[in-house]
Amino acid sequence: NPRFRNKNIGKKLYERFFEEVKKIGIMVVECVTSIENKLSINFHRNLGFKIKNGNSEINGISYFEDYDGKGEHRVLFNYEL
């Protein structure tokens with residue numbers, strides 16, 4: 001919801017999630033977003049997520065073609081805890 005953007009809610013949720021998964025021994029978190037979702041790409045990069053090397057690239061962003069089906073390209077990230 002755009003009304004809740006720029007209030008650090010997403011960042012706080014991720015930070016809490018990171019704390020909890022560390023407790024059970026998870027050391028890498030992965031996530032995925034659409035190549036068209038520039039807000040999500042920037043949000044995850046700003047949090048420290050790294051973009052995985054895909055099989056295509058556009059505007060300097062590596063992505064995986066047809067990841068979720070034909071024409072459904074996705075950017076994959078990982079974050080090391």
Side-chain angles (χ1 to χ4, degrees):
N1 187 324
R3 293 180 305 143
F4 296 103
R5 290 195 180 129
N6 300 314
K7 297 183 185 291
N8 286 324
I9 295 170
K11 179 180 178 181
K12 289 176 186 174
L13 287 170
Y14 260 125
E15 287 172 349
R16 177 63 192 269
F17 176 72
F18 294 157
E19 289 174 19
E20 293 302 316
V21 298
K22 275 187 197 179
K23 291 178 186 176
I24 60 172
I26 293 173
M27 299 310 296
V28 177
V29 173
E30 298 180 330
C31 66
V32 60
T33 194
S34 164
I35 186 66
E36 294 88 12
N37 194 338
K38 305 296 185 229
L39 286 174
S40 179
I41 293 169
N42 289 333
F43 171 74
H44 286 91
R45 289 173 93 181
N46 287 335
L47 283 179
F49 280 85
K50 304 294 182 209
I51 294 177
K52 289 185 168 187
N53 290 327
N55 56 12
S56 289
E57 185 176 309
I58 188 167
N59 298 327
I61 303 294
S62 185
Y63 68 95
F64 292 82
E65 286 187 34
D66 303 326
Y67 182 84
D68 276 336
K70 187 167 178 64
E72 300 293 328
H73 313 315
R74 299 292 183 259
V75 178
L76 278 63
F77 301 88
N78 66 14
Y79 183 93
E80 293 186 23
L81 301 172

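All values below come from the heavy atoms of this structure, side chains included, with hydrogens, waters and symmetry mates left out.
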- prompt: Does any non-hydrogen side-chain atom of R45 lie less than 4.5 Å from one of I61?
  reply: yes
- prompt: What pair of heavy atoms forms the shortest contact from G54 to S62, and how long is it?
  reply: N-OG, 2.5 Å
query: Between atom CG of D66 and atom CZ of R74, what is the distance when rounded to the nearest 0.5 Å?
result: 10.0 Å
query: In Å and rounded to the nearest 0.5 Å, what is the CD to NE2 distance from E36 to H73?
result: 7.5 Å
message: Taking side-chain contact (heavy atoms from CB on, under 4.5 Å) as the definition, give me every residue that meets it alongside E57, ordered by chain and number, with sequence neighbours left out.
response: none
task: Would you mind reporting whether V29 and F17 have side-chain heavy atoms less than 4.5 Å apart?
output: yes
query: Transitively linked via ILVMFWY side-chain contacts under 4.5 Å: V28 with L76?
result: no
task: Using the test ring pair (Phe, Tyr, Trp, His ring centres under 6.0 Å), find all partners of F64 that sit at least two apart in sequence or belong to another chain.
output: none
query: How long is the span from the OG atom in S34 to the OH atom in Y67, to the nearest 0.5 Å?
result: 13.0 Å
query: Can you name the residues that form a salt bridge (Lys or Arg N to Asp or Glu O under 4.0 Å) with E30, not counting sequence neighbours?
result: K52
- line: The remaining residues in the hydrophobic cluster of F4, counting side-chain heavy-atom contacts under 4.5 Å among Ile, Leu, Val, Met, Phe, Trp and Tyr, are I9, L13
message: Check for me, please, whether L47 and I26 land in the same ILVMFWY cluster - side-chain distances under 4.5 Å, paths through other members count.
response: yes
query: Hey, is NZ on K50 packed in by over 12 heavy atoms from elsewhere, all under 6.0 Å?
result: no
message: Let me check something: do I51 and Y63 share a hydrophobic cluster, defined by ILVMFWY side-chain heavy atoms less than 4.5 Å apart, either directly or through other members?
response: yes
message: Could you check whether atom CG of N53 has more than 12 heavy atoms from other residues, nucleotides or ligands sitting under 6.0 Å from it?
response: no
message: Test: salt bridge (charged side-chain N to carboxylate O under 4.0 Å, His left out). Region: residues 19-28. Which pairs qualify, not counting sequence neighbours?
response: R16-E20, E20-K23
- request: Determine, using the 4.5 Å side-chain heavy-atom cutoff (strictly less than), whether L81 and F43 are members of one ILVMFWY cluster.
  value: yes
message: Are the side chains of L39 and N37 in contact, using a 4.5 Å heavy-atom criterion?
response: yes
- request: Considering non-hydrogen atoms only, spot the tightest contact between I41 and I35 and give its length.
  value: CD1-O, 3.7 Å
- line: Contacts of H44 meeting ring pair (Phe, Tyr, Trp, His ring centres under 6.0 Å) (sequence neighbours excluded), chain-then-number -> Y14, F49, F77
